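Before any comments, here is the structure.
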Amino acid sequence: MAQFEEVSKKSELHPKPVGMVQQYGTAGFRTHADHLDHVMFRMGLLAALRSRNTKATIGVMVTASHNPEEDNGVKLIDPMGEMLTPVWEVYATRLVNAEQDHLLTVLEDVIEKESIDLTQEAHVFVGKDTRSSSARLSEAVLDGVTALRGHSKDYGLVTTPQLHYMVCCCNTRGEYGQASVEGYYRKLLQAFAELTKHVPNRTDDQKCLLVDGANGIGALKLREMVPRLQGELLVSLFCDGTSGKLNHQCGADFVKVQQKSPKGIDMKAGDRCCSFDGDGDRIVYYYSDAEGHFHLLDGDKIATLISTFLKELLTQAGLDLKMAVVQTAYANGSSTRYLQDTMKLIVKCTKTGVKHLHHVAQEFDIGVYFEANGHGTVLFSKVLEEKIRRLCKDSDGERRRVATLLKNSVDLINQTVGDAISDMLLIEAILAIRGMTVQQWDAIYTDLPNRQLKVKVSDRRVIETTDAERKTVSPAGLQEAIDGLVEKHRQGRSFVRPSGTEDVVRVYAEAETQESADALAHEVSLVVYRLAGGVGGEPKPL
Ligand code: NG1
Ligand code: ZN
């Protein structure tokens, strides 16, 4: 077709290596940066189609999040700032894997299936992280958009959640905020200032926070905000990208998996610290005690702090609405028990991957969702937002104060996706309002010791799961074997699942003591190795 001449011509500049196959996984396409040029160009094409299909602006973020600097990746953002809808993930995979001479056929197929009108305008926002490959790869995305006569706006260096925010602002015609980095700063800074302005007598020590920026984009953006925090939060920024390598021995993933502080942070006993990941959508907190023991406050502890705070405000405001916390199987058993039994909250469990959590959280008036690794946010129903707005206007005294706190919490939270900067400001505001130290927050419940291991198998797809990934249905005998091992450990729990981002099977175990959790994880990994076709020598004992 004549209208695709430009696509044909431009795609020759972004050729696909013959035989290369990639999958739109939990977090889009993600692999070594050298294998992504054609993927980026084609995602530019797909974004231009998705924009015409939804009659809205679509986002394309170039990042590989917490992966090493040498990797890169790309995710598409749908109109309300949410993750790309699953049907289009399938199109994305097809388009990226089409051999060069098949590209137009696959493109036409999507156009036909979705009845896309090519005369419509297309609008695409593009953003990138600080990786050295991101500049050239985002150029390839822009090339793809232009080849299909789409309009693009290049936001340059932004965090993933900032781009989600821009897309949502644009498609709600400014109702969610102004679609610029400045608009994002202003919205968050104002809400934070409002939340903290009546908190009395905080010492500088209480306002101090050490932040590990993972040597990434989150550090750059936070640095721009710090002078505008009006002394309500005193940030010391480490791993700010000026010398260290992205995600190398730092960042939220390193801290969570290694259960230790990042290299290069100058922390003293009791200091409140947090780590962002490489694209600024995850956060975990931690501190070390006087004996030098490291204490991690992960996504579960964050969800607990936020949901407890919001539930209290709802009760005080006299709003009787449906609230839930959404977790995955990785949530620590202690957190689930605390939320259900002590807080009397509804707790839901979904498959790994924030899009699953987001979806379930949408069913409630307040849906707090966090993965244990620190990726999460809070969703508010339109009904609730309206009730809060009305209460702010029509009530007075204590009820009005509480309603205003709720309103500013809503404004501070990035509802489109997990956001390290927004989550951090909310957590800091809650700690300030409640006059709580990081140690008191940590003491809300005690985590069960746990361990994560990876097992290499020849084909991880042989592992099939059910019950939100908490049980396996194949290979035969695996679940029975896991059940048998779990029984031997007090407070034992274990599950296995194929990773969506790495070529491994992940093993999780928790139990009453660290020794017991370590042993259970090891025993289960041996069973996986035996029954699921392990490769590369048996997993070694711990
Ligand atoms: P996989 O590789 O599917 O376990 C990991 C994280 C997810 C999610 C994705 C996307 C764990 C155990 N898994 O997925 O929670 O964050 O990466 O980045 O943390
Ligand atoms: Zn991330």
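All of these numbers come straight from a predicted model, not from anything done at the bench. Counting starts at 1 for both ligands and their atoms, in listed order.
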Completion exercise
Restricting Asp281 to its N/O/S atoms, the closest one to the Zn ion (ligand 2) is OD1

Completion exercise
Here the atoms of ligand 1 under 4.0 Å from any heavy atom belonging to Arg497 are 1 (P), 3 (O), 4 (O)

Problem - atom 8 (C) of ligand 1: nearest protein contact (heavy atom, Å) - result: Glu371 OE1, 3.5 Å

Exercise for the section: Among all protein heavy atoms, pick out the one at the shortest distance from atom 10 (C) of ligand 1; state its residue, atom name and that distance to 0.1 Å. Expected result: Ala27 CB, 3.9 Å

Exercise for the section: Would you mind naming the N, O or S atom of Asp279 nearest to the Zn ion (ligand 2)? Expected result: OD1

Problem - Residue pair Ser335 / Gln327, side-chain donor-acceptor N/O under 3.5 Å - result: yes

Exercise for the section: Indicate the ring-plane relationship of Trp88 and Tyr91, choosing parallel, tilted or perpendicular according to the 30° and 60° boundaries. Expected result: perpendicular

Fill in the blank from the handout: Which atom of Asp277 is nearest the Zn ion (ligand 2), counting N, O or S only? It is OD2

Problem - Lys/Arg N to Asp/Glu carboxylate O, Asp71 vs Arg131, below 4.0 Å - result: no

Exercise for the section: For the residue pair His295 and Asp442, confirm or rule out a side-chain donor-acceptor distance under 3.5 Å. Expected result: yes

Problem - Residue, atom name and distance, where the atom is the protein heavy atom closest to atom 5 (C) of ligand 1 - result: Thr501 OG1, 4.0 Å

Handout entry: His375, portion touching ligand 1 at heavy-atom distance under 4.0 Å
Key = neither

Handout entry: For atom 7 (C) of ligand 1, the protein heavy atom that lies nearest, with its residue and separation
Key = Thr352 CG2, 3.5 Å

Practice task
Kindly say whether Tyr24 contributes a backbone atom to a donor-acceptor pair with the side chain of Thr93 at under 3.5 angstrom?
Solution key: yes

Problem - Name of the residue among Thr328, Thr377, Val325, Val360 meeting side chain to side chain contact (heavy atoms under 4.5 Å, CB included) with Tyr369 - result: Thr377

Practice task
Decide whether the shortest distance between a heavy atom of Lys256 and an atom of ligand 1 is less than 4.0 Å.
Solution key: no

Fill in the blank from the handout: For Arg506, the ligand 1 atoms with a heavy-atom partner under 4.0 Å come out as 1 (P), 2 (O), 4 (O), 12 (C)

Problem - Check: His66 N/O within less than 3.5 Å of ligand 1 N/O - result: no

Problem - Atoms of ligand 1, numbered as shown, that sit under 4.0 Å from any heavy atom of Ser499 - result: 1 (P), 2 (O), 3 (O)

Practice task
Scan side-chain atoms only and decide if Tyr184 and Asp419 contain a donor-acceptor pair under the 3.5 Å cut-off.
Solution key: yes

Exercise for the section: Evaluate whether atom NZ of Lys355 has more than 12 neighbouring non-hydrogen atoms of other residues, nucleotides or ligands under 6.0 angstrom away. Expected result: yes

Exercise for the section: Consider only side-chain N and O atoms of Ser132 and Glu69, and report whether a donor and an acceptor are under 3.5 Å apart. Expected result: yes

Exercise for the section: Please confirm if an N, O or S atom belonging to Ser65, backbone or side chain, lies less than 2.8 Å from the Zn ion (ligand 2). Expected result: yes

Practice task
Considering heavy atoms of the protein only, find what lies nearest to atom 3 (O) of ligand 1 and give residue, atom and distance to 0.1 Å.
Solution key: Gly500 N, 2.6 Å

Handout entry: Between Glu371 and Tyr330, a side-chain donor and acceptor under 3.5 Å
Key = no

Exercise for the section: For atom 19 (O) of ligand 1, grab the closest protein heavy atom and report residue, atom and distance to one decimal in Å. Expected result: Asn373 ND2, 3.0 Å

